[in-house]
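One structure is given below, encoded as structure tokens.
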Amino acid sequence: MNITLEKIKYNELNNSLVFLYGNDVASRSLPFKKDELAYVEAKRKEDPNALVVLNRLPHKIYVQNFDSEMPNVEALEKLRKAAAHIQALLVEEITNRIYFTGEGIIPEEAVAFLEGFHMANYRFDKYKKKKEQLIEDIVVEQHILEPAVIDENLKLWRRIDTCRDWVNEPVIYLNAPKFADILAAEAKRVGNVKCTVLGQKKIESLGMGGLLAVNRGSDDEARFVVLEYKPENHINKQPVALVGKGIMYDTGGLNIKPDDHMVEMKSDMAGAATMASTLFAAAENHLPVHIMAFLPLTDNRPGRNAYAADDILRMYDGTTVEITNTDAEGRLILADAIAYADQQNPELIIDAATLTGAAVRALGTHVIAAMQQDAEKPFSLLGIVGEQVCERLAPLPFWKEYDELLKSDVADMINCNLHANAGTITAGRFLAHFAHHPYIHLDIAGVAYYGKREHHYGVGASGFGVRLLYAFFQTYEACQQANNQ
Ligand code: BES
Ligand code: ZN
Ligand code: ZN
């Protein structure tokens, strides 16, 4: 989707117009006829959040009223959702171009609306013969927003689109080697991102026992991708390390997933897609932060020589792990990636992983299960930022006592707590063992992929988390100051 700033000529509209209408005094300058205005006013009195549609054949004017007195964060999320609703109506109109303007609104509100619209206007339709007509161009009234604001946000939103493309792409096309190739090509295209791809041999020589074990049942090789964005003006002394779970497909392995639990498991690399997308968005917008991403990539299959329960692995950092369930594979590849990232002496490690079904059961599908070790301040900042962009965190307890549940008789740890209590926390505790720097764990199993349409997040891959982490880096300077206090 493109956004252009223009002075809209309201008496020569040749496409539908979306009008965001924030407060009463604005009515003076509305480009409406008297009877239209009276209608809008009447509807607005009935419901300050109403959508009013004026039919000016062959076009329409969508007047989205909203209560500008509402608490800010809530109001912005309502606007994103309202935008998704209007986008759906416009798809029915079969048009590719619209106008957007507003009265009584601030730039933040216009951005939230356009953000919701852009996200709702995404489809994964490359395999469909009959594609829906989506909006290709939005002409925004020029006084509403600064070009630089549109430019920065469009770059972020397009990264969310690509993130969703990667997650939606099935494994038959997007396996680990292919994804690594795509990331390398993307880094080259962006220009200021360095990409190093470690191949199977290198992973073997490094002794990444977790990644290698999970990969054993697959016909495709594993990859370990390292991305680095280090601008000259970076404000952090040491990199922030982003680690993303890159299970290209999770069959469960020999502990194969039953019934309908396997479908949607192409999304098990959403953590890797989220982290790569955030790093690319930061690089494209030249944020002054040194960021690295560590992405272990493989699928988890029950093929010949697949790893099995009772196996004992030696991980990259030397820890031994007894396998109790091959479906708890994410933590094995992440453990190696976290230990590897840890060697870069990062000032903060954040991972994102579709790690546990328990997170979905405990918290539902609108919040990230979040845990931290020695990272209280950046964690609370991430929480605040999450409230602001409405991609929220649910902090879970992370006491060492939970480690009791991961004890093994024959190795240093088991990979899966067989009592199935506190599954999300024990998975996080398993990972925390491999981090010796401030560490934040984000279990995104509940939010990464939606089986049915969810407002601006759409259906399928949601891109949930990219806006959160991008906003975190936008405010990272403040985070650093808080750290130093
Ligand atoms: N990829 C799954 C977790 C998952 C489940 C993500 C549902 C999104 C939706 C993970 O690898 C997994 O299979 N976890 C097991 C862990 C269990 C064996 C301890 C689970 O949650 O059932
Ligand atoms: Zn699994
Ligand atoms: Zn998994």
Side-chain angles (χ1 to χ4, degrees), residues 167-168 171 175-176 210-211 213-218 222 243-274 295-303 306-311 321-337 351-369 396 402 405-406 408 413-431 441-452 454 457 460-462 464-465:
V167 175
N168 281 322
V171 69
N175 59 12
L211 180 54
V214 176
N215 181 249
R216 282 171 70 97
S218 172
V243 180
K245 173 174 173 182
I247 292 290
M248 306 309 296
Y249 197 80
D250 186 8
T251 66
L254 285 175
N255 291 101
I256 199 152
K257 286 186 182 291
D259 313 319
D260 56 355
H261 284 76
M262 203 183 299
V263 69
E264 298 181 2
M265 279 301 137
K266 66 178 181 180
S267 66
D268 215 19
M269 37 62 79
T274 302
L295 314 171
L297 310 177
T298 179
D299 46 350
N300 180 27
R301 295 206 194 234
Y307 82 129
D310 293 339
D311 277 345
V321 176
E322 177 194 356
I323 301 304
T324 47
N325 190 318
T326 61
D327 199 9
E329 82 299 333
R331 62 198 77 180
L332 299 173
I333 68 165
L334 287 168
D336 284 344
D351 80 56
T354 46
L355 204 61
T356 63
V360 195
R361 288 191 292 278
L363 301 167
T365 55
H366 296 107
V367 65
I368 295 174
L396 295 182
Y402 285 103
L405 295 166
L406 293 172
S408 163
M413 289 164 94
I414 53 172
N415 76 323
C416 168
N417 140 36
L418 291 171
H419 304 288
N421 288 337
T424 302
I425 299 172
T426 52
R429 288 301 312 168
F430 181 93
L431 296 177
H441 167 52
L442 304 176
D443 190 331
I444 58 168
V447 297
Y449 196 94
Y450 292 124
K452 64 170 189 37
E454 272 290 338
Y457 290 107
S462 67
F464 200 110

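Order of appearance sets the numbers: ligands from 1, and atoms from 1 within every ligand. Residue indices begin at 1 and follow the sequence shown. Keep in mind that what you see is a predicted model, and the values were worked out from it rather than measured.
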Within this structure, what is the [atom1]-[atom2] distance for the pair [X] and [Y], rounded to the nearest 0.5 Å?
| X | Y | atom1 | atom2 | result |
| --- | --- | --- | --- | --- |
| N415 | L332 | CG | CG | 5.0 Å |
| L355 | K245 | CG | NZ | 5.0 Å |
| D250 | E329 | CG | CD | 3.5 Å |
| T326 | K257 | OG1 | NZ | 9.5 Å |

- Have a look around the Zn ion (ligand 3) and list protein N/O/S atoms under 2.8 Å, or say none. K245 NZ, D250 OD2, D268 OD2, E329 OE2

N or O contact, [X] vs ligand 1, cut-off under 3.5 Å:
| X | result |
| --- | --- |
| K245 | yes |
| R331 | no |
| D268 | yes |
| G330 | no |

- Query: Who passes ring pair (Phe, Tyr, Trp, His ring centres under 6.0 Å) against F430, sequence neighbours left out?
  - Reply: F434

[Y] and [X], any side-chain heavy atoms less than 4.5 Å apart:
| X | Y | value |
| --- | --- | --- |
| N175 | D299 | no |
| D311 | R216 | no |
| Y249 | D268 | no |

- Contact check, C416 vs ligand 1, heavy-atom distance below 4.0 Å: yes

Relative to the heavy atoms of [X], which atoms of ligand 1 are at a distance of less than 4.0 Å?
| X | value |
| --- | --- |
| N325 | 18 (C) |
| T354 | 1 (N), 2 (C), 3 (C), 6 (C) |
| E329 | 11 (O) |

- Hey, looking at atom 2 (C) of ligand 1, which of T365, V214, D250 has the closest heavy atom?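 Nearest heavy atom to atom 2 (C) of ligand 1 lies in D250.
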
- With respect to atom 9 (C) of ligand 1, which of R361, E264, M265 exhibits the smallest heavy-atom separation?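 That would be M265.
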
Could you tabulate the donor-acceptor pairs under 3.5 Å formed by side-chain atoms of residues 356-368, not counting sequence neighbours?
unit_1 : atom_1 : unit_2 : atom_2 : d
T356   : OG1    : A359   : N      : 3.2
T356   : OG1    : T424   : OG1    : 2.9
T356   : OG1    : D443   : OD2    : 2.7
H366   : NE2    : E454   : OE1    : 3.1

- Query: Can you tell me the protein heavy atom closest to atom 20 (C) of ligand 1 and the distance?
  - Reply: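 Nearest neighbour among protein heavy atoms for atom 20 (C) of ligand 1, to 0.1 Å: G357 N, 3.8 Å.
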
- Determine whether the side chains of N300 and T251 contain a donor N or O and an acceptor N or O closer than 3.5 Å. no

- Check each heavy atom of L355 against ligand 1 and say whether those closer than 4.0 Å belong to the side chain, the backbone, both or neither.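 Contact part for L355 vs ligand 1: backbone (N, CA, C, O).
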
- Message: Applying a heavy-atom cut-off of 4.0 Å, say which part of D327 lies close to ligand 1: side chain, backbone, both or neither.
- Response: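 Near ligand 1, D327 shows its backbone as well as its side chain.
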
- Mind checking what makes side chain to side chain contact (heavy atoms under 4.5 Å, CB included) contact with S462, not counting sequence neighbours?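 Once residues adjacent in sequence are excluded, the partners of S462 under the side chain to side chain contact (heavy atoms under 4.5 Å, CB included) criterion are Y450, Y457, F464.
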
- Item | D351 side-chain N/O to V243 backbone N/O, donor-acceptor pair under 3.5 Å | no

